[in-house]
Enquirer: 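Sharing a structure below in structure tokens format, with a few things to ask.
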Amino acid sequence: MNYINCKNTLNPVDMRKSVAFWAQNTVEHIASLKKLPGSTSAVLYPDFTAELDSLSSSFKKISELYHSKEDSRLPAKPDFLFKENRKLMNLLERMKFEGFGGYPYLQQSIFHYIYEQRYINAIFGITNTGQGLITVRFSGMGNYPFICMYNQMYFWSVIGAMHPSLLIGSEAFYRTASVRTRNFLTEITNRFNSVCYALSSLKKPIERQELAAVFKRFQKLNTEFLNFLSELKSGSGGELPQSFYETVNHMWQEHTLVKELNDTMAERLLRP
């Protein structure tokens with residue numbers, strides 16, 4: 001099954017594009033991770049930092065290789081990506097309790113990163129091992145491609161519900177954000193959560209009409225949040241720390257990816 005974009009077939013170009021995106025996305029995760037303890041008394045142990053630096057270098061190499069569209073000799077599914085990703089997930093599982101325990105915002109961030117790194121395995125068909133508190137398992141609960149669409153919407157709704165909290169976690173942003181903005185972000189979180197609930201409440205096997213109704217809500221919600229992130233991006237270079245705008249851009253890239261995924265799903269779900 002093609003879980004990357006829910007199309008019937010997956011061509012090598014799409015595969016390499018996905019590898020490049022997630023390798024670069026992981027580089028940004030690691031960069032953000034290293035900055036997290038700065039505003040608290042949490043300890044990021046030196047050996048953790050050294051391992052993060054090593055992993056970042058590995059993911060950078062993968063990203064640079066797979067951004068080169070001309071090289072058709074590159075394997076579509078690089079074992080090196082999955083090997084390094086497994087190392088990172090094991091490290092994150094340790095960090096959430098060996099340094100970040102007792103710091104809710106830091107632990108939430110770690111959970112967020114673990115979930116996204118496990119998503120990489122899920123879309124490439126690699127088994128997620130380990131007994132962490134957050135799992136991602138794309139498995140058959142109905143006919144393809146409906147199950148692919150279901151899983152993608154559920155995953156990205158979980159991520160979408162986390163993103164507003166990660167924004168508000170910036171003290172500088174929280175101080176400057178208007179009440180209207182804070183209320184909007186709370187609303188976004190609740191609406192993404194409601195999509196997850198609506199999906200899990202669908203009868204199995206999943207039927208196209210019922211899934212399409214939830215998809216319309218999800219598509220509209222992602223567009224609204226993407227527009228909000230675009231407005232925040234336009235203020236880059238303002239009074240807020242540059243690290244905040246880097247976080248915003250990271251989220252914007254992810255929700256732009258979701259928009260591309262939604263365009264594909266719309267052709268399959270909403271066509272006459």
Enquirer: May I ask you to check if Arg182 and Tyr174 form a cation-pi contact, with NZ or CZ under 6.0 angstrom from the six-membered ring centre and within 45° of the axis?
Expert: yes
Enquirer: Set out, in order, the CA-CA distance, both residues' side-chain angles and the distance that settles side chain to side chain contact (heavy atoms under 4.5 Å, CB included) for Phe155 and Ile123, then state yes or no.
Expert: CA-CA 11 Å; Phe155 171 81; Ile123 61 174; over 6 Å; no
Enquirer: To the nearest 0.5 Å, tell me how far Ile188 CD1 sits from Phe225 CZ.
Expert: 6.5 Å
Enquirer: Give me the atom names and distance for the closest heavy-atom approach of Leu269 to Arg208.
Expert: O-NE, 3.3 Å
Enquirer: Is there a donor-acceptor contact under 3.5 Å from the side chain of Thr223 to the main chain of Gln219?
Expert: yes
Enquirer: Would a 4.5 Å heavy-atom cut-off, applied to side chains only, mark Ile30 and Asp53 as touching?
Expert: no
Enquirer: Side chains of Arg86 and Asn121: do they bring a donor and an acceptor to under 3.5 Å?
Expert: no
Enquirer: Is the centre of the Tyr119 ring less than 6.0 Å from the centre of the Trp22 ring?
Expert: yes
Enquirer: Once you measure the plane-to-plane angle for Tyr45 and Phe48, does it fall in the parallel (<30°), tilted (30-60°) or perpendicular (>60°) bin?
Expert: perpendicular
Enquirer: Tell me if the aromatic rings of Phe228 and Trp252 count as close, with their centers under 6.0 Å from one another.
Expert: no
Enquirer: Say whether Asn25 and Gln253, considering side chains only, have a donor N or O and an acceptor N or O under 3.5 Å apart.
Expert: no
Enquirer: Report yes or no: do Gln108 and Ser165 form a side-chain donor-acceptor pair below 3.5 Å?
Expert: yes
Enquirer: With distance as the sole criterion, is a donor-acceptor pair present between the side chains of Gln24 and His67 under 3.5 Å?
Expert: no
